[in-house]
Number of protein chains: 2
Amino acid sequence: MTPRKTVQQELTKEMIMDAARDLFSEKGYQHVSMRQIAKELGYSHGALYYHFKNKAELFYALVENHFSMLNTVLDQIMKKEMEPREKLREIFTGFIQFGLTYQSHYEIMFLIKDEEVRNFMNEEPNHTYEKFAKSVYSLCEKNVSIQDVWSIFLSLHGFVTHYCRHVVGYEDVKGLAEAHANFLLRAIL
Amino acid sequence: MTPRKTVQQELTKEMIMDAARDLFSEKGYQHVSMRQIAKELGYSHGALYYHFKNKAELFYALVENHFSMLNTVLDQIMKKEMEPREKLREIFTGFIQFGLTYQSHYEIMFLIKDEEVRNFMNEEPNHTYEKFAKSVYSLCEKNVSIQDVWSIFLSLHGFVTHYCRHVVGYEDVKGLAEAHANFLLRAIL
DNA sequence: GATATATTTAACCAGTGGTCAATAAAAGGA
DNA sequence: TCCTTTTATTGACCACTGGTTAAATATATC
């Protein structure tokens with residue numbers, strides 16, 4: 001019985017979130033239990049509840065930053081000095097790269113069906129999409145419709161979703177991702 | 001104790017499969033239990049096990065035909081007398097319609113990450129994709145690459161996946177689906 | 001030493017897939 | 001018609017998982 005560990009090995013929110021992240025990547029959100037997360041950390045499951053009110057709150061803490069990460073990716077690309085066409089390509093591959101690099105994040109952000117979890121995310125998805133859409137739209141000038149931008153998003157989403165399911169990293173499909181980006185570019189130019 | 005139901009109707013595999021289908025559409029594979037299915041039917045869960053060895057077998061019985069259903073959809077479109085371009089459009093919207101009409105099927109066919117479930121499907125996904133790819137390829141003549149066909153598939157997949165998540169029927173997004181199809185057509189013509 | 005803090009442990013509760021003896025209804029013969 | 005056999009259904013039961021909570025207790029802080 002060791003009802004409290006020494007300070008150096010005390011559990012933190014960050015530790016829990018890191019472990020949770022890893023497990024989600026590996027097994028998917030649905031198949032990770034609080035007990036598993038605790039076991040991974042070498043703590044009892046009860047300890048998690050000291051740091052997070054419940055499972056949903058833990059998930060929300062995780063997902064909260066994921067959208068701003070993606071926003072940052074988009075911002076950084078938009079800042080670059082580059083031809084519009086190249087920039088578009090970068091946005092497309094950048095989106096895919098984000099999705100496949102942070103698969104568990106992506107899953108939670110865009111793939112989870114669970115109502116309970118999704119109710120935690122309010123406007124983040126819309127906000128991030130707005131940023132994406134504005135960027136794409138501004139780089140295409142007038143030969144593209146709002147509809148088209150949405151189609152592009154869905155098409156990228158399809159790419160990420162498929163390869164998420166088969167758990168490969170971005171590097172494994174870099175060539176395919178670029179081809180996909182080119183394919184989409186062809187539709188709008 | 002009423003160890004057997006009076007008159008009424010006896011349970012059949014079809015009844016079970018119908019109820020299961022509905023529940024899967026609604027809640028997804030993981031969140032439907034044998035007990036829920038039984039309850040929906042007004043029988044005890046034990047009765048299900050008289051008709052199906054276990055949950056997996058029930059799912060497989062369900063999914064088994066889904067691929068051939070999609071194959072049939074593709075075949076029927078290919079049989080039609082139509083301009084290639086229109087046929088392509090029909091294939092695209094037909095795929096989406098299938099995905100959104102049989103969301104639970106689609107989910108199992110193309111979206112489930114669960115190893116246990118996926119091990120049930122052997123070559124069906126590949127076979128169905130082959131049929132899709134051959135059809136599309138033959139309708140495009142030479143101005144399209146194998147890569148492009150794959151991109152089309154992923155793009156349609158993205159559409160279905162997204163709207164599956166938000167549980168809407170095909171009718172609710174028919175206009176969007178057609179726009180998406182047109183978008184994809186533009187990329188290859 | 002007292003108090004706040006962090007952790008474990010055990011337990012609760014609801015739910016799961018799955019098994020099976022008991023049993024009533026239906027079917028088939030005589 | 002009665003009797004047997006087959007068939008389909010039930011509900012108790014098992015072993016398990018998962019989220020959550022509360023009491024107990026060891027450490028840290030003052």
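Scope of the values below: all heavy atoms of this structure, side chains included, with no hydrogens, waters or symmetry mates. Chain letters run A, B, ... following the sequence lines, proteins first, then strands; residues in each count from 1.
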*Atom CD of B:Q30 and atom C1' of D:dG18: how far apart are they, to the nearest Å?*
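Value for this atom pair: 14 Å.
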*Between C:dT8 and A:K5, is there an OP1 or OP2 to side-chain N/O distance shorter than 4.0 Å?*
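Checking C:dT8 against A:K5, a side-chain N or O does come within under 4.0 Å of OP1 or OP2.
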*Quick one: list whatever passes side-chain hydrogen bond (donor to acceptor under 3.5 Å, both in side chains) with B:Y60, sequence neighbours left out.*
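Testing B:Y60 for side-chain hydrogen bond (donor to acceptor under 3.5 Å, both in side chains), a comparison that skips the adjacent residues, returns B:E124.
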_Run the side-chain hydrogen bond (donor to acceptor under 3.5 Å, both in side chains) test against B:Y163 and tell me which residues pass, sequence neighbours left out._
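A:W150.
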Below 3.5 Å between N/O atoms, which protein atoms pair up with nucleotides 12-16 of chain C? Just atom names and distances, please.
from: C:dT16; atom 1: OP1; to: B:S33; atom 2: OG; distance (Å): 2.7
from: C:dT16; atom 1: OP1; to: B:Q36; atom 2: NE2; distance (Å): 3.1

*asked:* We want to know whether A:N54 and A:E57 form a side-chain donor-acceptor pair, criterion being a heavy-atom distance below 3.5 angstrom.
replied: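 Their side chains do not contain a donor-acceptor pair, so the 3.5 Å distance test is not met.
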*What is the nucleic acid contact for B:H45, judged by heavy atoms within less than 4.0 Å: base, sugar-phosphate only, or nothing?*
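The residue B:H45 makes base contact.
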*Going by an N to O cut-off under 4.0 Å, is there a salt bridge joining B:E90 and B:K87?*
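The answer is no: the pair does not qualify as a salt bridge.
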*For the ring pair (Phe, Tyr, Trp, His ring centres under 6.0 Å) test, which of B:Y106, B:F159, B:Y102 pairs with B:F95?*
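Testing each of B:Y106, B:F159, B:Y102 against B:F95, the sole residue satisfying ring pair (Phe, Tyr, Trp, His ring centres under 6.0 Å) is B:Y106.
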_Quick check on DNA chain C: between A:T12 and B:A47, whose nearest nucleotide comes earlier from the 5' end?_
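Residue closer to the 5' terminus by nearest nucleotide: A:T12.
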_From C-beta outward on A:Y49, which listed nucleotide comes closest to its side chain: C:dT7, D:dT20, C:dG18?_
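Shortest atom-to-atom distance from the side chain points to D:dT20.
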_Quick one, B:D75 with B:T72, criterion side chain to side chain donor-acceptor pair (under 3.5 Å). Give me CA distance, side-chain angles, the key distance, then yes/no._
CA-CA 5 Å; B:D75 282 339; B:T72 306; 5.5 Å; no
